[in-house]
Structure formats: structure tokens, C-alpha cells
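Residue numbers start at 1 and run along the sequence shown.
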Amino acid sequence: MTALLFRDDPYLRGCEATVLAVEDNAIVLDRTVFYPMGGGQAGDTGRIGPWRVLDTRKGASADAVLHVLEPGAQPAPGSKVAIALDWERRHRLMRLHTALHLLCAAVKAPVTGGRIQEDKAHLDFDIEMERLVRDVIEGRLNELVKASIRTRPVWITDAELDARPDLVKTMSVAPPRGEGRVRLLDIPGVDLQACGGTHVADTAEVGALKVVKIRSEGKRNKRVTVELA
């Protein structure tokens with residue numbers, strides 16, 4: 001079991017940890033600030049001691065996190081290490097992930113998929129193409145950014161989530177389960193949905209956004225791509 005420190009404080013840039021296991025070119029730690037790829041968000045990169053972390057992935061169990069290292073020597077199980085994020089990259093991912101929650105509010109349609117990369121992010125909607133107007137969407141996004149609304153994580157039980165299927169807005173991504181509780185992101189008056197990713201504390205921190213592309217990806221998938229302006 002790895003303590004997922006980013007859940008409670010996504011602004012932590014590093015910590016001390018103990019190596020629990022080494023699996024090929026990846027290591028498992030007793031605690032981490034690294035977010036593993038999931039929910040459409042890219043995995044974190046950074047350093048563990050002198051070793052470069054090229055990617056972060058989920059392990060076999062719910063709280064196992066695999067820190068994928070560059071080829072070469074590795075720390076031994078039981079050793080103490082200092083870990084540090086590529087903070088600028090992580091912060092961009094946090095801003096863009098929060099931007100997608102705002103996009104959910106700006107486009108009223110079922111979400112069929114999405115992805116957050118370090119330079120851009122997109123959501124796919126089940127909606128008619130003519131209803132997606134670039135200037136209208138971009139204007140609404142930037143209104144929500146300027147409104148400076150505080151975000152907050154909220155935990156509910158699996159049973160509560162089962163009773164509120166509307167809290168799962170992305171049809172292709174199931175919220176992480178297995179602990180008896182599920183994490184939500186609440187942007188009061190704007191968006192509330194199950195999400196285990198990392199986000200900024202205030203919509204103003206997202207910064208100006210631009211809609212760079214709207215295109216059809218199939219009958220039920222109309223893709224809206226945004227970038228940080």
C-alpha cells in the first residue's frame with residue numbers, strides 16, 4: 001500500500017519515502033506525491049534520488065503506484081529516497097484538468113471520453129456538431145475562470161455514488177473504487193463529479209483558456225480541445 005499524498009495536497013512537490021519493491025524498471029514506494037496515469041490524466045515525471053522518473057503508472061492493487069525509472073541502476077528495497085516532481089509540468093496538468101471540469105459546465109452534453117496532456121486537453125461529447133460554437137464555449141470557460149471559484153475535494157461512499165449515477169459524467173472512465181469511498185471534485189455551482197485527478201484550488205489559477213479545435217470523431221464523439229492561452 002502506498003500513501004497517495006497528492007489526494008490531500010496536490011501542491012506537494014516532493015517528500016521522503018521508503019522503497020517497498022522493485023519491479024523491472026519501476027519502483028513502489030511507501031508514500032508518493034506522483035500521480036499515476038488515470039482518468040485521462042498523464043502520469044507524473046520527476047526524480048527519485050539521482051534517478052529520473054519517466055512516467056508513473058498504476059500497479060496491480062488500488063493503491064500501488066509504479067514509478068518508471070530511466071534504464072540503469074536502481075535503489076534497493078528498504079532504502080530511503082527523496083522524491084521530487086517536475087512541478088511546472090504537474091501544475092499545467094492540474095490547470096488543464098480543472099479546465100475540463102469547466103468545459104463540462106460549458107457544454108451540456110454526455111461526455112464520452114477525454115485526455116489531459118501537458119500542453120492541451122480535450123473532451124469528447126455526444127452532441128450535434130452545430131451546437132458546438134467555439135466563441136461561445138471559449139467565452140463561457142473564461143467567465144468561469146475569472147469568477148475565481150474555489151474548488152474542493154469531497155468523499156462519498158460507494159453506496160452514495162450508486163445512488164447518484166449523475167455524478168459519473170465520463171461514460172468511458174469509471175471512478176476508482178475498492179476502498180469503500182469515492183472522491184469527487186466540487187466546483188460549487190459549476191460542476192460536481194467523481195474524479196481522482198489533481199486540480200488547482202481556484203478556477204482563477206487555471207488562467208485564460210482558448211478552444212483550439214472542434215472536430216467530429218464519430219457519430220457520438222465531438223471533440224473539443226483546449227489549451228492554456
Side-chain angles (χ1 to χ4, degrees), residues 7 35-43 58 62 92-145 147 149-179 181-200 203 206 209-228:
R7 280 184 175 174
Y35 178 81
M37 184 178 71
Q41 181 174 327
K58 293 179 180 179
R92 286 196 301 272
L93 290 168
M94 290 166 60
R95 292 166 65 197
L96 284 164
H97 200 151
T98 309
L100 291 192
H101 285 262
L102 302 183
L103 186 57
C104 281
V107 179
K108 303 294 187 181
V111 177
T112 56
R115 188 178 182 190
I116 306 107
Q117 300 170 274
E118 59 185 283
D119 59 339
K120 61 186 175 181
H122 73 256
L123 286 178
D124 294 337
F125 295 96
D126 185 0
I127 191 173
E128 296 82 8
M129 194 70 175
E130 58 269 20
R131 291 176 57 195
L132 296 173
V133 180
R134 183 194 303 257
D135 290 346
V136 172
I137 297 170
E138 189 173 289
R140 179 57 177 153
L141 288 174
N142 286 299
E143 285 176 3
L144 293 171
V145 168
I149 304 165
R150 298 288 293 178
T151 70
R152 64 189 187 104
V154 180
W155 290 90
I156 62 172
T157 66
D158 287 350
E160 288 173 317
L161 183 65
D162 291 339
R164 292 281 310 277
D166 59 296
L167 294 176
V168 181
K169 294 188 178 180
T170 306
M171 292 185 285
S172 64
V173 180
R177 291 174 177 257
E179 301 177 16
R181 62 176 189 159
V182 175
R183 186 172 177 265
L184 311 179
L185 181 73
D186 184 20
I187 306 177
V190 177
D191 186 60
L192 174 65
Q193 63 175 292
C195 187
T198 60
H199 310 89
V200 294
T203 62
V206 172
L209 292 166
K210 57 183 177 180
V211 176
V212 295
K213 188 179 296 184
I214 299 176
R215 71 182 186 190
S216 176
E217 291 288 326
K219 185 176 181 180
R220 298 188 62 190
N221 297 294
K222 305 302 183 290
R223 179 166 296 174
V224 180
T225 302
V226 300
E227 290 181 357
L228 303 172

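Checking side-chain atoms of Lys108 against main-chain N and O of Cys104 turns up no donor-acceptor pair under 3.5 Å. Counting only distance, with no hydrogens or angles, the side chain of Arg183 and the backbone of Gly197 share a donor-acceptor pair below 3.5 Å. In this structure a side-chain-to-backbone donor-acceptor pair under 3.5 Å is present from Thr203 to Ile149.
Only one option out of His101, Gln41, Arg95, Arg152 pairs with His199 in a side-chain contact (heavy atoms from CB on, under 4.5 Å); it is His101. Looking at Ile137, Leu144, Asn142, Val136 one by one, the single match for side-chain contact (heavy atoms from CB on, under 4.5 Å) with Arg140 turns out to be Leu144. Among the candidates Arg115, Lys213, Glu217, the single residue satisfying the side-chain contact (heavy atoms from CB on, under 4.5 Å) test with His122 is Arg115.
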Problem set entry | Full working for side-chain contact (heavy atoms from CB on, under 4.5 Å) between Trp155 and Arg7 | CA-CA 11 Å; Trp155 290 90; Arg7 280 184 175 174; 4.0 Å; yes
Exercise. Between Asp191 and Leu185, is a side-chain contact (heavy atoms from CB on, under 4.5 Å) present by the stated rule, with each step listed?
Worked result: CA-CA 8 Å; Asp191 186 60; Leu185 181 73; 5.7 Å; no
For this session: Please lay out, stage by stage, how Thr112 and Asp126 fare under the test side chain to side chain donor-acceptor pair (under 3.5 Å).
Result: CA-CA 6 Å; Thr112 56; Asp126 185 0; over 6 Å; no
For this session: For Val224 and Leu123, run side-chain contact (heavy atoms from CB on, under 4.5 Å): C-alpha distance rounded to whole Å, both residues' side-chain angles, the deciding distance at 0.1 Å, then the answer.
Result: CA-CA 6 Å; Val224 180; Leu123 286 178; 5.7 Å; no
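The two residues Met129 and Arg215 have their closest heavy-atom pair at CE-CA, 3.5 Å.
Distance check, rounded to the nearest 0.5 Å: CD1 of Ile116 to NE2 of His97 gives 4.0 Å.
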